[in-house]
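First the structure, in the form of structure tokens, and then the observations on it.
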2 protein chains.
Amino acid sequence: MEQHRDYESELRQAGVRLTKPRKVILKIIGESEDHPDAMAIFRRAVKIDASISLATVYRTMKLLEELGAVHRHSFEGGPARFENADGEHHDHLIDLDTGKVIEFHSETLEKLQEQIADELGYDIEHHRLELYGRKRR
Amino acid sequence: MEQHRDYESELRQAGVRLTKPRKVILKIIGESEDHPDAMAIFRRAVKIDASISLATVYRTMKLLEELGAVHRHSFEGGPARFENADGEHHDHLIDLDTGKVIEFHSETLEKLQEQIADELGYDIEHHRLELYGRKRR
DNA sequence: ACCCTTGTTGCAAACGATTTGCATTTGCAT
DNA sequence: ATGCAAATGCAAATCGTTTGCAACAAGGGT
Ligand SMILES: [Mn+2]
Ligand SMILES: [Mn+2]
Ligand SMILES: [Zn+2]
Ligand SMILES: [Zn+2]
């Protein structure tokens with residue numbers, strides 16, 4: 001049983017209106033276990049409220065990203081994909097055969113990146129680490 | 001004094017025709033020290049041969065990428081950028097204030113990625129590591 | 001409960017990057 | 001030099017995403 005962030009309170013607190021489409025989208029990304037793209041979110045949203053538009057999905061995702069409620073990923077090839085910003089930081093391994101996205105986290109790796117940036121005189125704001133591979137057999 | 005790959009021989013060997021536009025583009029990416037996008041390559045190409053089209057730049061970059069002669073990067077925000085596949089593997093740190101692209105390489109980091117993929121039962125085909133940061137001061 | 005203001009929506013058109021169909025040109029093997 | 005497939009330039013098409021605008025609705029004040 002997962003503990004989800006209360007996005008509705010966060011939105012309200014950010015001073016934006018809690019509209020019907022937003023509630024629907026919020027619910028969808030709140031309970032998504034995968035990394036859906038805008039079209040996938042749109043399709044799921046339409047099932048709940050047929051009047052929602054794709055433009056609103058895009059606008060909402062941008063808003064949520066700016067509020068830090070979701071993360072946007074741009075994996076090779078496809079369109080941008082999203083995931084809620086719950087849980088701790090992780091990176092992704094993409095299975096080139098199946099397209100499956102596997103999450104992983106390595107504190108050593110994170111520290112090493114910090115160290116490299118530090119040696120170059122930089123502070124990391126964020127990073128992107130994606131491994132593309134195939135199942136060993 | 002750098003030693004550059006002989007792209008023309010490689011193309012010929014790959015069975016593709018060595019056309020005028022291709023020679024021009026090959027020369028451009030062969031001597032580029034930066035990470036130009038298609039439009040930048042196009043602008044440089046037009047100076048050498050005014051009849052070259054942007055479509056041909058795109059087609060040629062795709063061809064060169066498939067031949068393994070260039071690498072395509074999709075940094076945050078902008079269009080795809082290219083660099084010749086000479087020299088050894090490296091990753092990139094993007095200065096968020098200036099847009100400057102800094103190259104770095106860490107064998108430890110590379111090994112660690114291999115190890116992580118291995119633990120997940122995968123062989124890495126390629127990866128993407130980009131650090132986005134600002135100069136420490 | 002009813003206004004009123006202003007943010008938000010749906011729609012369609014615009015967008016930026018990249019790809020593609022097609023008629024014409026060109027490389028290059030013969 | 002000739003012939004033919006491959007490559008080109010151009011314009012139109014595509015894809016993912018953004019935006020202008022008129023209609024709509026959230027939610028604070030009455
Ligand atoms: Mn994830
Ligand atoms: Mn580079
Ligand atoms: Zn990470
Ligand atoms: Zn690397």
Side-chain angles (χ1 to χ4, degrees), chain A residues 7-29 35-43 45-67 69-82 99, chain B residues 7-29 35-43 45-67 69-82 99:
Chain A
Y7 290 117
E8 302 209 353
S9 305
E10 283 187 40
L11 280 214
R12 183 166 247 103
Q13 203 161 342
V16 305
R17 290 183 184 173
L18 203 43
T19 66
K20 197 172 165 194
R22 284 182 182 159
K23 283 181 192 166
V24 171
I25 293 169
L26 243 13
K27 177 169 163 52
I28 290 169
I29 66 141
H35 301 79
D37 60 31
M39 183 53 71
I41 294 169
F42 173 63
R43 283 189 301 260
V46 162
K47 286 190 208 159
I48 302 173
D49 176 350
S51 74
I52 287 175
S53 76
L54 182 54
T56 294
V57 172
Y58 276 111
R59 280 191 279 237
T60 303
M61 295 324 289
K62 171 171 281 188
L63 173 69
L64 294 178
E65 191 190 7
E66 281 160 3
L67 295 180
V70 308
H71 289 144
R72 172 191 305 260
H73 302 295
S74 298
F75 300 139
E76 278 185 8
R81 299 169 64 167
F82 305 89
Chain B
Y7 291 116
E8 302 209 352
S9 307
E10 284 188 39
L11 279 213
R12 184 167 246 103
Q13 203 161 344
V16 305
R17 290 183 184 173
L18 203 42
T19 65
K20 196 172 168 192
R22 283 182 182 159
K23 283 182 192 164
V24 170
I25 293 169
L26 244 12
K27 178 170 163 53
I28 290 170
I29 66 143
H35 301 79
D37 60 30
M39 183 53 71
I41 293 169
F42 173 64
R43 283 190 301 260
V46 163
K47 286 190 207 158
I48 301 173
D49 175 350
S51 73
I52 286 174
S53 76
L54 181 55
T56 293
V57 172
Y58 276 111
R59 279 190 279 238
T60 302
M61 296 323 289
K62 172 172 282 189
L63 173 69
L64 294 178
E65 190 189 8
E66 281 159 2
L67 295 180
V70 308
H71 289 144
R72 174 192 303 260
H73 302 294
S74 298
F75 300 139
E76 279 184 7
R81 299 169 64 165
F82 306 89

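From a predicted model like this one, the values you see are computed outputs, not experimental measurements. So you know, we letter chains A, B, ... as the sequences are listed, proteins then strands, and number each from 1.
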statement: Smallest heavy-atom separation, B:Ile29 atom then B:Val70 atom, equals CD1-CG1, 3.1 Å
- prompt: Taking only N and O in the side chain of B:Tyr58, is any of them less than 4.0 Å away from OP1 or OP2 of C:dT19?
  reply: no
message: Would you say B:Lys62 places a side-chain N or O within less than 4.0 Å of OP1 or OP2 belonging to C:dT19?
response: yes
task: Would you check, one step at a time, whether the test side-chain contact (heavy atoms from CB on, under 4.5 Å) holds for A:Ile41 with A:Thr60?
output: CA-CA 11 Å; A:Ile41 294 169; A:Thr60 303; over 6 Å; no
statement: Residues B:Leu67 and B:Ala14: closest non-hydrogen pair is CD2-CB, 3.8 Å
- request: For B:Lys23 and B:Asp49, run side-chain contact (heavy atoms from CB on, under 4.5 Å): C-alpha distance rounded to whole Å, both residues' side-chain angles, the deciding distance at 0.1 Å, then the answer.
  value: CA-CA 10 Å; B:Lys23 283 182 192 164; B:Asp49 175 350; over 6 Å; no
query: Considering all heavy atoms of both residues, which atom of A:Arg81 and which atom of A:His35 are nearest to each other, and what is their separation?
result: NE-O, 2.7 Å
query: Which nucleotide in the set C:dT18, D:dG9, C:dC11 lies at the smallest distance from any side-chain heavy atom of A:Ser53?
result: C:dC11
- prompt: Just how large is the angle between the end axes of the helix from C:dA1-D:dT30 to C:dT30-D:dA1, five pairs per end, to 10 degrees?
  reply: 30°
task: Take atom CG of B:Leu63 and atom P of C:dT18, then tell me their distance rounded to the nearest Å.
output: 17 Å
Gap between atoms CD1 and C1', on A:Ile52 and C:dT9 respectively (whole Å): 10 Å
field: Length of the line joining B:Met61:CE and D:dA7:C1', which is rounded to integer Å
entry: 17 Å
query: Any idea which of C:dT8, D:dT17, C:dG10 is nearest the A:Val16 side chain?
result: C:dT8
- prompt: Between the side-chain atoms of A:Arg59 and the base atoms of C:dG7, is any donor-acceptor pair under 3.5 Å?
  reply: no
query: What do the steps show when you test B:Thr56 against B:Thr19 for side-chain contact (heavy atoms from CB on, under 4.5 Å), and what is the final call?
result: CA-CA 11 Å; B:Thr56 293; B:Thr19 65; over 6 Å; no
Upstream residue (5' side of DNA chain C) when B:Arg81 and B:Leu18 are each assigned their closest nucleotide: B:Arg81
task: State the CD1-CZ distance between B:Ile25 and B:Phe42, to the nearest 0.5 angstrom.
output: 9.5 Å
- prompt: What is the distance, rounded to the nearest whole Å, between atom CG of A:Leu54 and atom C1' of C:dG10?
  reply: 11 Å
message: Taking 4.0 Å as the cut-off, does a side-chain nitrogen or oxygen of B:Thr19 come that near to OP1 or OP2 on D:dT8?
response: yes
query: Below 4.0 angstrom from OP1 or OP2 of D:dA25, is there any side-chain N or O of A:Arg17?
result: no
- line: In whole angstroms, the gap separating P of D:dT8 from CZ of B:Phe42 amounts to 14 Å
- prompt: Quick one: A:Lys23 NZ to D:dA25 C1', roughly how many Å, whole number?
  reply: 12 Å
query: Whole Å only: how far is the CE atom of B:Met39 from the P atom of C:dA17?
result: 8 Å
- line: Shortest non-hydrogen pair, A:Ala45 vs A:Ile52, comes out as CB-CD1, 4.0 Å
- request: Please state how far atom CD1 in A:Ile41 lies from atom P in D:dT17, giving the value in whole angstrom units.
  value: 10 Å
message: Quick check on D:dG9: is either OP1 or OP2 less than 4.0 Å from any side-chain nitrogen or oxygen of B:Thr56?
response: yes
task: Would you please confirm or rule out a distance under 4.0 Å between OP1 or OP2 of D:dA7 and any side-chain N or O of B:Arg22?
output: yes
